[in-house]
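Notes for the one structure printed next.
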Amino acid sequence: MAKKEMEVVKGVDLNRYMGRWYEIASFPSRFQPKNGANTRATYTLREDGTVNVLNETWTDGKRGYIEGSAYKADPNSDEAKLKVKFYVPPFLPIIPVVGDYWVLYLDDDYQYALIGQPSRKYLWILCRQTHLDEEIYNQLVQKAIDEGYDVSKLHKTPQSDPPPSEEEGPKDTKGFWYFKSLLGK
């Protein structure tokens with residue numbers, strides 16, 4: 001039986017959506033470091049209306065990060081369906097890798113969000129704080145179930161409080177798993 005089209009949030013105010021989001025839980029990509037912690041995303045609106053995306057994660061005290069850009073899949077639609085484009089790091093040929101970023105739920109105060117993809121292979125629960133109330137977490141998980149996701153794959157991301165600063169930890173270039181997970185390989 002074909003699953004119904006996912007319900008996507010309409011009328012997201014990108015300005016309010018900008019800033020830092022902590023990954024509370026996700027479907028781990030097999031390329032993602034098993035012991036990755038403090039994973040977070042920081043979104044910054046550019047003058048041309050696209051969004052700068054900075055994804056960071058810490059593995060064994062080392063910060064891995066990758067930058068890309070996001071833009072509306074259909075500029076004329078009010079649905080929160082974005083495309084996220086990353087470039088493979090400089091030491092490889094520059095290959096843009098594009099993935100889908102669908103906002104499936106967002107609270108009125110823009111404090112927590114459920115992000116999915118049309119393939120339903122990836123799912124993220126994001127929050128402005130490093131901790132999300134259990135009751136809200138369960139509501140988001142239920143929403144994911146309603147949209148046809150297999151939530152048994154959902155894995156909570158360890159977050160330290162307070163979170164690490166940008167400067168903490170030596171630079172790590174293992175940002176590859178972000179691209180590979182976006183490609184859905």
Side-chain angles (χ1 to χ4, degrees), residues 12 14 17-45 51-70 80 82-89 97-107 110-117 119-134 136-141 143-144 149-185:
V12 169
L14 272 186
Y17 195 78
M18 294 301 97
R20 178 163 291 167
W21 292 87
Y22 294 95
E23 182 184 283
I24 300 299
S26 68
F27 282 5
S29 149
R30 60 195 179 93
F31 297 102
Q32 198 165 348
K34 287 279 179 287
N35 52 349
N38 298 313
T39 305
R40 64 193 186 195
T42 307
Y43 305 126
T44 315
L45 201 56
V51 175
N52 185 74
V53 178
L54 171 66
N55 284 343
E56 301 171 282
T57 196
W58 273 259
T59 311
D60 301 328
K62 287 184 179 172
R63 173 179 173 258
Y65 70 97
I66 197 153
E67 280 193 86
S69 57
L82 301 176
K83 292 279 185 193
V84 182
K85 180 163 71 175
F86 290 103
Y87 286 100
V88 173
V97 175
V98 179
D100 290 287
Y101 184 109
W102 287 14
V103 183
L104 305 178
Y105 184 84
L106 178 63
D107 73 300
Y110 287 55
Q111 292 301 301
Y112 49 89
L114 180 71
I115 310 298
Q117 289 185 319
S119 68
R120 293 183 173 83
K121 282 184 186 160
Y122 295 100
L123 187 71
W124 293 269
I125 291 176
L126 304 178
C127 181
R128 294 292 195 183
Q129 312 296 325
T130 52
H131 174 77
L132 180 61
D133 182 79
E134 197 64 26
I136 294 169
Y137 177 83
N138 292 335
Q139 286 168 7
L140 293 175
V141 169
K143 166 76 175 159
Y149 283 84
D150 171 11
V151 296
S152 68
K153 294 189 290 194
L154 204 53
H155 173 81
K156 284 197 174 180
T157 307
Q159 293 283 354
S160 59
D161 195 19
S165 70
E166 273 82 355
E167 291 71 39
E168 239 168 87
K171 296 287 183 284
D172 178 17
T173 51
K174 293 200 202 76
F176 286 124
W177 59 270
Y178 280 119
F179 304 117
K180 288 175 172 165
S181 63
L182 274 170
L183 282 170
K185 290 250 166 57

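Looking at every heavy atom in both residues, Pro163 comes nearest to Tyr22 through CG-OH, 3.2 Å. Smallest separation of non-hydrogen atoms from Val53 and Ser69: CG2-C, 4.1 Å. Taking all atoms of both residues into account, the shortest heavy-atom contact from Gly36 to Pro158 is O-CD, 3.7 Å. Trp124 and Ser26 get closest at one heavy-atom pair: CD1-CB, 3.6 Å. Between Asn38 and Ser160, the shortest heavy-atom contact is OD1-N, 2.6 Å.
Rounding to the nearest 0.5 Å places OH of Tyr65 at 14.0 Å from OG1 of Thr57. A distance of 14.5 Å separates OH in Tyr101 from NZ in Lys83, rounded to the nearest 0.5 Å. Rounding to the nearest 0.5 Å gives a distance of 12.5 Å between CD of Glu23 and CD of Glu56. Rounding to the nearest 0.5 angstrom, the gap separating the CD1 atom in Ile24 from the OH atom in Tyr112 is 12.5 Å. One finds the NZ atom of Lys121 at 12.0 Å from the OH atom of Tyr149 (value rounded to the nearest 0.5 Å). Atoms CD and CG, on Gln117 and Leu104 in that order, are 10.0 Å from each other to the nearest 0.5 Å.
Just one residue in the list Ile115, Val141, Ile136 forms a side chain to side chain contact (heavy atoms under 4.5 Å, CB included) with Ile125, and that residue is Val141. Test Leu140, Asp107, Leu126, Leu106 against Leu114 for side chain to side chain contact (heavy atoms under 4.5 Å, CB included) and you get one pass: Leu140.
Using a 4.5 Å heavy-atom threshold, the side chains of Met18 and Tyr110 count as separate. Residues Thr157 and Gln159 have side chains in contact (heavy-atom distance under 4.5 Å, counting atoms from C-beta outward). Under the 4.5 Å side-chain criterion, counting only non-hydrogen atoms from C-beta, Phe27 is in contact with Leu154.
For the pair Arg40 and Trp21, the cation does not sit on the ring face, since its NZ or CZ is not both under 6.0 Å from the ring centre and inside 45° of the axis.
Every side chain to side chain donor-acceptor pair (under 3.5 Å) that Ser152 has, sequence neighbours left out, goes to Asp150. Partners of Lys153 according to the side chain to side chain donor-acceptor pair (under 3.5 Å) rule, which considers only residues two or more places apart in sequence or in another chain, do not exist here.
Side chain of Arg20 to main chain of Arg128: no donor-acceptor pair is present (N/O by atom type, distance under 3.5 Å, no hydrogens or angles).
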Problem set entry | side chain to side chain contact (heavy atoms under 4.5 Å, CB included) assessment of Tyr137 paired with Lys156 | CA-CA 10 Å; Tyr137 177 83; Lys156 284 197 174 180; 3.4 Å; yes

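Ring planes of Tyr43 and Tyr17: parallel class, angle under 30° (limits at 30 and 60°).
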